[in-house]
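What follows is a set of notes on a single structure, which appears directly below.
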Amino acid sequence: MKYDLDIATKDRLLVQIDEFNIQPGSLTLLLGESGIGKSLISKAIFGLLSPDDLEIRINQLDYEEYLKSKVCTEIQEKGFFVFQEPSSHLNPFRTLNKQLNEGSIKDPARNGEILAKLFPNFSEIEREQFLSVFPKPFRPSGGEKQRILITMAFKKMSLLRKNRYNESAFFIFDEPTGSLDNEYRNIFLKMLLTAHEQLKFTALLITHDYSMISEITDRYVKLLPSINFRELSVHNDDHQLKKFSTDSYLSWLGSVQPKGSKQSRYKQPLLSLQSEIKVFNRRIVISTSPEALTPSKLEIFPGEAVYLKAESGAGKTTVAKIIMGLQSCQSFQCQVGDITLNQHTTENQWKRNIWAKKMSMVFQHADEALNLNGKVKDIFRGLPLKKRKDREFLIENLKIVFEESVDEAFLVQPVAFLSGGQKQRLNLIRALILDTDIVILDEPLNGLDFDTLQNVLAILQDRQRQGKSYLLISHNEEIIDRIVPHDRIYYLNWKRI
Amino acid sequence: MSENKKNQKCHFLRFYEQKDKYWLSIWILGLMMIWIWNLIYLNKPALKQLESGFLNTLIISFLVIIFSILLGWSITLLQYLFERNYPKIQIILIFLINIIRSIPQIVGILMGYVILTVLIQQGVLRSDFIILIFMALIIALFVFLEIFDLLRERIHYFRRLDFFDAMRVCGIRERYIINREIIWRSSRIHMVNKMIAIFGISIFLLCSVDFIISVGLSTDVSSVNLPVTLGSLLAKIDSKQDILAIGYSLTHLGYIIRLPFEHLQGISVSFIIVFTLVCMYQIGNGFARRHHL
C-alpha cells in the first residue's frame, strides 16, 4: 500500500509526503511527535476527511475521485478506524449497547468474548448495566469509552475469515491506548497481536507510547517479523516515513540513570506537602506505596526529581494545581521554604511569594497552555526576567530546547502552526527559564518524538545537577521510573468522604 | 500540488471568495460612481451639501467606533478589576450598565441630543467638529456595550483555559495576560468584526435620529445648528420630493428616465444609506467567514 499524499488548506500546506508506505498484511507501529499529521494522513487514507474543507490529493487523484475509488471503498468496507478521542467517536444519543451492535458489526453474539477480555473486572450483569448507558463527556470514563471503540474494531476483525487473503482489510488505531493504564494497554496489545497473527490484516497503530516497544519486543519476539516500527518526521514541510530503530530506544532506556545528589536528603526540603488533601468531597492520600498503606509527606529536596504516580483520573493534576494555588480545596497544607500554604492562603500570597519565585509549572497540554494566537518570539514576553529580552536572548534560550537552528522564519512562526512537539518544548522552556527551585512538570514528555524526548530529559537532569528540583506527573511510567529513584516515587489514592 | 493548483486559480475567483474584500471594493466603487454622476448632473450647492453630509456621517461613525472601543475596553477592565477585588462595586457597575442596556438606543440618543441642543444654545459647543465629537460620544454611549459584551465573553472564555493559569504561574501579570494576550492578540479579529457592525449600527442610528429631529420633533430640539448628515439631508423637503418621485415613476414608467437627472439629491442620499448598510452587512459576514469567527 503506497500512498503519495498532499493535504493543504486554502492558505497553507499541511502534509506533503511522497512515500507513505504500509506493508500489506503487516502491523505498522507509527511513532513521531504529535501534531505533524499522523492522524490527518490516516484519516485521509481511510476517506474520513471532507473534500470541501481541504485540498487533498492521494496518488495523483483528487480526493473526491479517491473516495469513489475501489481502494478507499474496500478499506472502509473491511476495515475500521478507532479515533484518538473516544468521545468524538461515540454518539451521545445512543446507548453504548446500540452503538456496539449497528451497521456491519450488528451481530451481538460476538460481543461477549471481546468484552470479557477488555472489561475483565465486570461481571456479565455489570457489563450489561454498563452498556445500557448513554456516553456523556465525563461518563463512562475515557478509558472505558476507548475500550468500547476497541471492542468495535475487534468485532469487525472477527468478520474476517481465518487463513484467507485479508490484506485489503485495513484497521487504523489512532492513539488507542491514550486513556488506558499499562494493564489494559497490554491486554489490547495481546489481543491485537494475536488477531493479527491469525487473520493477517493490515493494521496501523499510531502512538506516542514508546513503552509499547519494550512490551512488544519482550513478549512477542516471534511476531516481530510482521511488525514494522516507523517514525513520521517533517523537515521543511516535507514529511518522511522512516524506519524506527527499536534497538536505539531500548539501549537508551537501559542507559538512563536517576540523577541528583544523595547529600540533598540531609538538607531542609524545598517543599513539604502533608499526606492528606481533601478536595471535591474526596480524601486524597499520598503514600510511598501503591496501596496507600503508609501515608507520608511528599518532600522535595534540592536537586531531586520526585514522581507522583496514580491511575488516570485519581487527581494528580488537581494536586499539582492545589500546590500552585490554582484549585481551591477543603483542606491541605504545604510548606515551601519558610512559607506555609493551606486552603486559606489567598491568591495574592501565591502571586507575591510562589509563582515564578519559588515554583513554576508546566501544564499538561501545550496546545492549551500556550496562546496559539501568538508567535514564537512572543514566548518570553511578560515573564519577570531580570535580563533584557532582546533577540539574542530569545535565540540563545530557544536553542536550549530546539536543537535545530532557530532562524528568523521560526521566530515569526505562529504558535498554532507548530507541531505538538515544538509546542511542548516552548511550553517547557517558558517555565524552565524562570530558574525557580521547583518546577512542577505535568506530562512533560507529551507529544515529543524520541530525539526530543532524550534532549528534554538531558536538560532536566542537567538542571538537577545545578540543584533544581522537579515534581513529575506522567503516564509514561517506563521512562520516568528510570530517571527517578524508587524511594522518590509517591502514589496517590483517593476515597470519597 | 497545492501551490500549482493555487496559481492556476483565477485571481478574480480568489478575490470573489473573500467576500469582505469584494464587498468593500463594491462599496468604494459604488460611492465613487455615485459621486462622479452627481459631479456631472447635480447642482453645486446640493452637491456640496451631499458631500459634507456624507463626510460628517462617515466621521461620526468612525468616531463612534473609536469611542466604543475605548469605553468598552476600559469598562471591561474596570469590571474585571471589581469582580476580582471589589465585588460590591462590581454590582453597582453592572447595575449602571444594565440601565444603559435597558434604554432603547434611539430613545437614548434622542435624550443625548436634547443635552446637545441645550449646550449649543448656551454657546458651550461652537465648533462643528466639537459637535461631531459630541454626537459620536452620545451614540457610542449606547453602542459600546457590543464591545464590552464581546471582551467580557472573551476574557471569560480564556480564563477557563489552561493558558491563563499557565501564564500566571510563570509570573506574568494578569493585566498583561488580559490586555495583550487575550484582548489584543486573541480577540483583535473579533473586535474588528464588531467594529464593522458598529460602523453600520451608528450610520443607521445617526440617520434615523437626524431624520426624526429634522422633520420637526419640537422647536426646542432643532437640527438647525447641527452639522448636516445623511439623515438630516434625507429629511429636507427637496429630498422628500425626490423620493416621492420614485413612487410617481411606478405609475408613470416614462418618468423613470428622469429620476437620475432631476431627482438626484434625495435618490443619492437614500441610495448611499441603504447601499452602505447592505455593504457593511456583507463585509461583516464575509469577514466573519474568512476568519472562521
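Numbered from 1 within each chain, the chains take letters A, B, ... in sequence-line order.
- At a 4.5 Å heavy-atom cutoff, B:Arg175 makes no contact with chain A through either its backbone or its side chain.
- Sparse packing is recorded around CD of B:Glu153, with 12 or fewer heavy atoms of other residues, nucleotides or ligands lying under 6.0 Å away.
- The line from SG of B:Cys170 to CG of A:Leu434 is 5.0 Å long, rounded to the nearest 0.5 Å.
- Side-chain contact between A:Arg381 and B:Met167 is absent, with no heavy-atom pair separated by less than 4.5 Å.
- The 12-atom threshold is not exceeded at CZ of B:Phe129, counting heavy atoms of other residues, nucleotides or ligands nearer than 6.0 Å.
- Atom CG of B:Asp165 sits about 7.0 Å away from atom CH2 of A:Trp355, to the nearest 0.5 Å.
- Counted within 6.0 Å of CZ on B:Arg101, heavy atoms from surrounding residues, nucleotides or ligands total more than 12; the atom is thus considered enclosed.
- Within 6.0 Å of the CH2 atom in B:Trp37, the count of heavy atoms belonging to other residues, nucleotides or ligands exceeds 12.
- Most heavy-atom pairs under 4.5 Å with chain B: of the set A:Glu347, A:Lys357, A:Gln60, this distinction falls to A:Glu347.
- Salt bridge status for B:Arg185 with A:Asp378: present, with a side-chain N to carboxylate O gap under 4.0 Å.
- Only the side chain of B:Arg180 has a heavy atom closer than 4.5 Å to any heavy atom of chain A.
- For B:His291, the NE2 atom counts as densely surrounded, since its 6.0 Å shell holds more than 12 non-hydrogen atoms of other residues, nucleotides or ligands.
- In this structure, the side chain of B:Asp162 does not engage the main chain of A:Glu368 through any donor-acceptor pair within 3.5 Å.
- With a 4.5 Å cut-off on side-chain heavy atoms, B:Leu161 and A:His365 do not count as touching.
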Exercise for review: Kindly determine whether B:Val169 and A:Ser360 satisfy side chain to side chain contact (heavy atoms under 4.5 Å, CB included), including the steps that lead there.
Suggested key: CA-CA 6 Å; B:Val169 295; A:Ser360 55; 5.5 Å; no

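- Contact record, B:Phe158 with A:Asn373: CZ-ND2, 4.3 Å, taken as the closest heavy-atom pair.
- Counted within 6.0 Å of CZ on B:Arg188, heavy atoms from surrounding residues, nucleotides or ligands total more than 12; the atom is thus considered enclosed.
- Counting non-hydrogen atoms of other residues, nucleotides and ligands closer than 6.0 Å to CZ of B:Arg289 gives a total of 12 or fewer.
- A 4.5 Å side-chain heavy-atom check between B:Glu174 and A:Lys351 finds at least one atom pair inside the cut-off.
- Remark: A:Gln349 CD is packed, more than 12 non-hydrogen atoms of other residues, nucleotides or ligands lying under 6.0 Å away.
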